[in-house]
2 protein chains.
Amino acid sequence: MPKYKQFNRDKVLEAASTVFQEKGYNGTSIDEILTATGLSRSSLYDSFKDKHNLYLQSLEFYKESNDKTFQSLDEKDLNGLQKLETMFKGVVNHLVENPDDNGCLLVNAAAEMSKQCFKTSQVVCNNKDEVQNLLSSWISDAEQKKVIKLDKPAKVYGQFFYNTLCGLRVMSQSGAGKTELNNVVKVALDSLN
Amino acid sequence: MPKYKQFNRDKVLEAASTVFQEKGYNGTSIDEILTATGLSRSSLYDSFKDKHNLYLQSLEFYKESNDKTFQSLDEKDLNGLQKLETMFKGVVNHLVENPDDNGCLLVNAAAEMSKQCFKTSQVVCNNKDEVQNLLSSWISDAEQKKVIKLDKPAKVYGQFFYNTLCGLRVMSQSGAGKTELNNVVKVALDSLN
DNA sequence: AATAGTTTGGAATATTCGTTCCGATGTTTT
DNA sequence: AAAACATCGGAACGAATATTCCAAACTATT
């Protein structure tokens, strides 16, 4: 057997976060994680300590890959409003095209674990603040470029759109379809006029 | 021991739904339910079949008591906009004053169980449709009374405000405070002008 | 007061779970 | 090629789990 790690840490965390997203923390067994990741029992405990630690690492991995999506959108040559529109379009598209996808690991973690695990609540809370700040910066960019006109501080709209985002994830898990989600986004974006 | 049931079904379901709300379905053990409800093991299995069945009944009980809150607000002598404002004020107040409350059982159920249990997804989906319809009726009432003026069908706003509602529950579980939640409601309600 | 009818407490069971451990398997280094 | 080292597969363990079962406890009826 190999002398150096045979598996790719990111691949493992991606597979694990998928399972956790589908079944939740308490709903997934170690065996399910083993088959999903292809890891052996010993390797998993050797490299990730235990189930709870693996969950936290999966959560942070998920958050980071989420951040990357936001950041690459942020770096595009668009004004803030266009970035906002593109983001929502992408989210709705993803939710519609992946109906078996169980929402968002961060939202699910907030629902299942944030009151039981302080570290989980920290990740979830940090994510909220970061995404809100990014959205706020997009909105004040659009205001500066006179694309939109605001009657409230940009920060408030950042909070509002983050709320809209969370709602979309819950609604798609509650059986909402494409037009329903699009309607929500339409009304939300119209608040900028 | 008594000849007729010693316990109140509603009290039991209320206690059970509180535990399920705090710890989720997979996170709560039968023993926790027993101490929370004061029931004996045999009585629980005698009256509620098993854990999964108890969960579904708790979910429906929670939904019904939720419905009652909405309906009693609906019966008040207010126009649709006032009802909407009162509802949001009540939700935010509840979230702020009960920081240990783990959000909303229906939202948590959507996140944890809707993809794993068809009956759960049915309850969650029905709740979505019913609440949306009620909100829509409030909005078209406000429009008829010329309190507001809409540029989209009332139904669309019902979907939007339901989304806002779901978002609030997730955000409060993600550590959002009073002003944050109030800001969200403010922007959402301003979409009606 | 005795019987019939129900609930209840707690022991018992079978299953599943997370975790540990060790011999086997392989790779790198000498 | 052999020693040193790390990983891996799978058995094994203990704890926790959901569920069943039965005798004891109690009330209402007769």
Side-chain angles (χ1 to χ4, degrees), chain A residues 1-59 61 105 108-109 112-113 116-120, chain B residues 1-59 61 105 108-109 112-113 116-120:
Chain A
M1 280 286 172
K3 188 157 183 176
Y4 301 112
K5 284 208 195 315
Q6 286 295 87
F7 55 85
N8 180 302
R9 203 189 104 100
D10 284 3
K11 291 264 177 199
V12 169
L13 289 180
E14 192 187 342
S17 65
T18 301
V19 183
F20 282 131
Q21 185 174 338
E22 277 173 14
K23 308 216 168 189
Y25 175 72
N26 288 305
T28 78
S29 67
I30 294 286
D31 283 333
E32 285 173 307
I33 292 172
L34 295 184
T35 59
T37 60
L39 244 62
S40 77
R41 204 174 300 273
S42 349
S43 307
L44 188 142
Y45 279 92
D46 228 45
S47 303
F48 297 98
K49 187 162 187 159
D50 58 16
K51 184 187 176 185
H52 189 248
N53 205 277
L54 175 66
Y55 180 73
L56 289 173
Q57 292 198 42
S58 302
L59 203 61
F61 174 83
L105 181 55
N108 295 358
E112 186 188 1
M113 297 293 289
Q116 297 178 65
C117 168
F118 179 65
K119 288 183 178 174
T120 297
Chain B
M1 283 284 167
K3 189 159 182 176
Y4 304 112
K5 285 209 194 314
Q6 285 296 85
F7 56 85
N8 179 302
R9 203 190 103 99
D10 284 2
K11 292 262 178 200
V12 169
L13 289 181
E14 192 187 341
S17 65
T18 300
V19 184
F20 282 131
Q21 186 173 337
E22 278 172 14
K23 309 215 167 189
Y25 174 73
N26 287 305
T28 79
S29 66
I30 293 285
D31 283 333
E32 285 173 307
I33 291 171
L34 295 184
T35 60
T37 60
L39 244 62
S40 77
R41 204 174 300 273
S42 350
S43 306
L44 189 142
Y45 280 92
D46 227 46
S47 302
F48 298 98
K49 188 162 185 156
D50 58 16
K51 185 187 178 187
H52 190 248
N53 205 277
L54 176 66
Y55 180 74
L56 289 173
Q57 292 198 44
S58 302
L59 203 62
F61 175 82
L105 181 55
N108 295 357
E112 186 188 1
M113 298 293 287
Q116 297 179 66
C117 167
F118 180 64
K119 287 183 178 174
T120 296

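Reckoned from all heavy atoms, side chains included, excluding hydrogens, waters and symmetry mates. Every chain is numbered from 1, with letters handed out A, B, ... down the list of sequences.
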Exercise. Round to the nearest Å and state the distance from Leu44(A) atom CG to dG9(D) atom P.
Key: 12 Å
Self-check item: Lys51(B), nearest nucleotide to its side chain (from dT19(D), dT7(C), dT19(C))
Solution: dT19(D)
Exercise. Check every atom of dT20(C), dT8(C), dT20(D) against the side chain of Phe7(B) and return the nucleotide holding the closest atom.
Key: dT8(C)
Quiz item: If only atom types and distance count, is the side chain of Glu112(B) paired as donor or acceptor with the main-chain N or O of Asn26(B) below 3.5 Å?
Solution: yes
Self-check item: Rounded distance (nearest 0.5 Å) linking atom SG of Cys117(B) with atom CG of Leu59(B)
Solution: 8.5 Å
Practice problem: For Asp50(B), answer base if it contacts any base atom (sugar-phosphate contacts may also be present), sugar-phosphate if it contacts only those atoms, and nothing otherwise; contact means non-hydrogen atoms under 4.0 Å. | Solution: sugar-phosphate
Quiz prompt | Nucleotide dT19(D), atom P - distance to CG of Asp46(B) in whole Å | solution = 14 Å
Quiz prompt | Whole-Å distance separating the CG atom of Leu34(A) from the P atom of dG9(D) | solution = 10 Å
Quiz item: Are any of Ser40(B)'s side-chain N or O atoms less than 4.0 Å away from OP1 or OP2 of dG9(C)?
Solution: yes
Quiz item: Hey, which of these two, Leu39(B) or Thr28(A), hits DNA chain C nearer its 5' end, going by closest nucleotide?
Solution: Leu39(B)
Practice problem: Can you tell me the distance, in whole Å, between the NZ atom of Lys49(A) and the C1' atom of dG18(C)? | Solution: 15 Å
Quiz item: In chain order, what residues pass the side-chain contact (heavy atoms from CB on, under 4.5 Å) check against Arg9(A), with sequence neighbours excluded?
Solution: Leu13(A), Phe48(A), Gln57(A)
Quiz item: Taking the side chain of Tyr45(B) as its heavy atoms from C-beta onward, which of dT8(C), dT20(D), dT7(D) lies nearest to it?
Solution: dT20(D)
Quiz item: Within the distance-only criterion (no hydrogens, no angle test), does the side chain of Lys51(B) pair as donor or acceptor with the backbone N or O of Ser29(B) below 3.5 angstrom?
Solution: no
Exercise. Report the distance from atom CG of Asn53(A) to atom P of dT19(C), rounded to the nearest whole Å.
Key: 10 Å
Quiz item: Quick one: Ile30(B) CD1 to dG10(C) C1', roughly how many Å, whole number?
Solution: 16 Å
Quiz prompt | Rounded interatomic separation in angstrom, taking NZ from Lys23(A) and C1' from dC17(C) | solution = 14 Å
Practice problem: Send over the distance from Leu54(B) CG to dT19(D) C1', rounded to a whole Å. | Solution: 14 Å
Atom pairs under 3.5 Å: protein N/O with N/O of nucleotides 10-16 of chain D:
{"unit_1": "dG10(D)", "atom_1": "O6", "unit_2": "Ser42(A)", "atom_2": "OG", "d": "3.1"}

Quiz item: Under 3.5 Å, side chain of Ser47(B) to main-chain N/O of Leu44(B), donor-acceptor pair present?
Solution: no
Exercise. Considering non-hydrogen atoms only, spot the tightest contact between Glu22(A) and Gln116(B) and give its length.
Key: O-NE2, 3.6 Å
Quiz prompt | Sequence-distant partners of Ser42(A), side-chain contact (heavy atoms from CB on, under 4.5 Å), two or more places apart | solution = Ser40(A)
